[in-house]
Amino acid sequence: MKKFATWNVNSLAVRLPQVLDWLAAHPVDALVLQETKLTDDKFPTAEFGAAGWQVQWFGQKTYNGVALVSRERATDVVRNITGFADEQARVIAGTVDGIRVVGGYFPNGQSPESEKFTYKMNWLTGLRGWLVEELKQHENLVLMGDFNIAPEDRDVYDPVAWAGQIHCTPEEREHFRQLVALGLTDAFRLFEQPPKSWSWWDYRNLAFRKNQGLRIDHILVSDALKARVTACEIDKLPRKNERPSDHAPVIVTIDG
DNA sequence: ATGTCACCTGGTAGGTGA
């Protein structure tokens with residue numbers, strides 16, 4: 001049995017103790033992190049190493065930044081999307097125990113009218129093109145991270161208010177479907193789930209207390225892995241911590 | 001309720017991004 005997880009930590013400098021606590025309680029085979037917000041020289045390798053974790057990291061100043069934490073050392077590590085020139089540190093991939101793990105911090109997009117939305121669309125197209133090649137080389141592949149896309153209305157606490165808004169536009173949802181069309185499956189929807197399951201709640205508006213959130217953090221598994229998935233869940237507990245990230249971890253369990 | 005949090009620059013706060 002293997003477990004893989006994703007968590008947008010919104011600053012690893014702030015959240016490192018919570019990440020180490022979570023890993024101690026959830027000894028997954030690999031955890032991908034988003035929004036580390038650390039330059040590579042500041043990455044806390046020693047702290048992860050002392051706790052028995054291998055790490056690969058890819059960051060920049062102030063924004064973005066991703067990492068791959070694993071029990072076994074990841075091999076064939078790739079940073080960002082091969083073939084898509086990008087100033088922003090958003091992707092880290094590696095092979096862990098024979099499974100290709102791709103962790104991504106997808107662009108937010110800000111608003112459908114903004115230049116950042118155009119960047120998001122181009123980035124998603126670049127990601128898809130690269131994944132075609134990754135899937136050719138790696139039958140067993142897990143794509144996970146903060147997609148910044150709520151795939152369906154049931155992934156949104158107020159789909160009427162959010163209709164056409166960022167994370168919920170038809171263009172973003174079409175990109176999500178095109179990722180699925182590569183031969184990937186949203187592991188969360190392989191199982192019956194509690195209604196109103198979200199992975200992100202705005203810090204504002206008492207959103208967590210009112211359970212007003214979106215499901216924008218996802219784990220997609222390749223066809224070869226799909227039949228082996230036995231569970232997928234969102235761990236809301238860390239969102240109740242003091243000084244929580246605004247995102248909750250998502251975990252998938254794979255048989256064999 | 002645009003009601004928060006994190007980070008930066010440049011300052012005895014204000015802007016940006018999410």
Side-chain angles (χ1 to χ4, degrees), chain A residues 6-22 32-44 47 57-67 80 86-92 103-124 127 144-151 155-169 171-173 175-176 197-218 234-250:
Chain A
T6 176
W7 193 5
N8 179 326
V9 292
N10 183 22
S11 169
L12 188 56
V14 173
R15 232 68 67 188
L16 178 62
Q18 293 187 36
V19 172
L20 292 174
D21 285 351
W22 190 86
V32 289
L33 302 174
Q34 300 89 41
E35 287 205 85
T36 55
K37 300 186 179 178
L38 294 173
T39 50
D40 287 343
D41 57 305
K42 300 262 177 43
F43 196 85
E47 288 83 348
W57 60 96
F58 180 42
Q60 66 181 94
K61 193 178 173 186
T62 312
Y63 304 117
N64 311 314
V66 287
N80 265 357
D86 198 350
E87 299 290 311
Q88 305 182 23
R90 294 188 172 277
V91 173
I92 192 157
Y105 176 47
F106 293 35
N108 177 292
Q110 199 168 60
S111 80
E113 301 79 26
S114 71
E115 288 180 17
K116 290 183 179 123
F117 189 82
T118 306
Y119 166 70
K120 183 176 194 172
M121 295 296 107
N122 293 335
W123 189 94
L124 285 160
L127 176 71
M144 54 187 175
D146 176 359
F147 283 50
N148 273 311
I149 300 172
D155 300 311
V156 181
Y157 73 94
D158 186 346
V160 173
W162 280 79
Q165 302 297 308
I166 197 65
H167 311 307
C168 304
T169 64
E171 294 93 333
E172 291 164 282
R173 287 176 168 178
H175 269 289
F176 188 90
S197 286
W198 325 124
S199 67
W200 169 83
W201 301 258
D202 202 309
Y203 281 124
R204 298 167 288 192
N205 314 329
L206 306 172
F208 186 70
R209 261 178 48 183
K210 296 190 280 193
N211 196 30
Q212 295 180 343
L214 308 177
R215 192 177 71 93
I216 55 176
D217 300 85
H218 307 295
I234 298 168
D235 180 12
K236 281 177 72 167
L237 229 57
R239 190 60 175 81
K240 299 177 184 176
N241 285 345
E242 258 182 67
R243 290 195 91 183
S245 168
D246 43 353
H247 294 255
V250 187

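Within every chain, numbering begins at 1; the chains are lettered A, B, ... in the order of the sequence lines, protein sequences first and strands thereafter. Worth knowing before you read on, the calculation uses all heavy atoms, side chains too, and leaves out hydrogens, waters and symmetry mates.
- Between dT16(B) and dG11(B), the distance separating the two P atoms is 15 Å to the nearest Å.
- The salt bridge (Lys or Arg N to Asp or Glu O under 4.0 Å) check on Arg239(A) picks up nothing, with sequence neighbours excluded.
- Heavy atoms of Arg15(A) sit under 4.0 angstrom from primed sugar atoms or phosphate atoms, though from no base atom.
- In this entry the distance linking NZ of Lys42(A) with P of dA6(B) reads 17 Å, nearest Å.
- Remark: Asp21(A) engages no residue in a salt bridge (Lys or Arg N to Asp or Glu O under 4.0 Å) (not counting sequence neighbours).
- Sorted by first then second residue, the salt bridge (Lys or Arg N to Asp or Glu O under 4.0 Å) pairs that include residues 204-217 of chain A, not counting sequence neighbours, are Asp155(A)-Arg215(A), Asp186(A)-Arg215(A), Asp202(A)-Arg204(A).
- Of the P atoms belonging to dG15(B) and dG10(B), the separation is 14 Å, rounded to the nearest Å.
- Computed from coordinates, the Asn241(A) CG to dC5(B) P distance equals 14 Å when rounded to whole Å.
- Phe208(A) and Trp201(A) have perpendicular rings, their planes meeting at more than 60° on a 0 to 90° scale where under 30° would count as parallel.
- Between Leu38(A) atom CG and dA6(B) atom P the separation is 13 Å, expressed in whole Å.
- The residue among Lys61(A) and Val14(A) whose nearest nucleotide of DNA chain B is located toward the 5' end is Val14(A).
- Distance CD (Gln165(A)) to P (dT2(B)): 12 Å, rounded to an integer number of Å.
- Annotation: side chain to side chain donor-acceptor pair (under 3.5 Å) contacts of Trp200(A) (sequence neighbours excluded): Asp246(A).
- Distances shown here put every side-chain N or O of Arg243(A) at or beyond 4.0 Å from the OP1 or OP2 atom of dT4(B).
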Below 3.5 Å between N/O atoms, which protein atoms pair up with nucleotides 15-18 of chain B? Just atom names and distances, please.
{"from": "dG17(B)", "atom 1": "OP1", "to": "Lys116(A)", "atom 2": "NZ", "distance (Å)": "3.4"}
{"from": "dG17(B)", "atom 1": "OP2", "to": "Lys116(A)", "atom 2": "NZ", "distance (Å)": "3.4"}
{"from": "dA18(B)", "atom 1": "N6", "to": "Arg204(A)", "atom 2": "NH1", "distance (Å)": "3.3"}

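- Trp57(A) pairs by the side chain to side chain donor-acceptor pair (under 3.5 Å) definition with nothing, not counting sequence neighbours.
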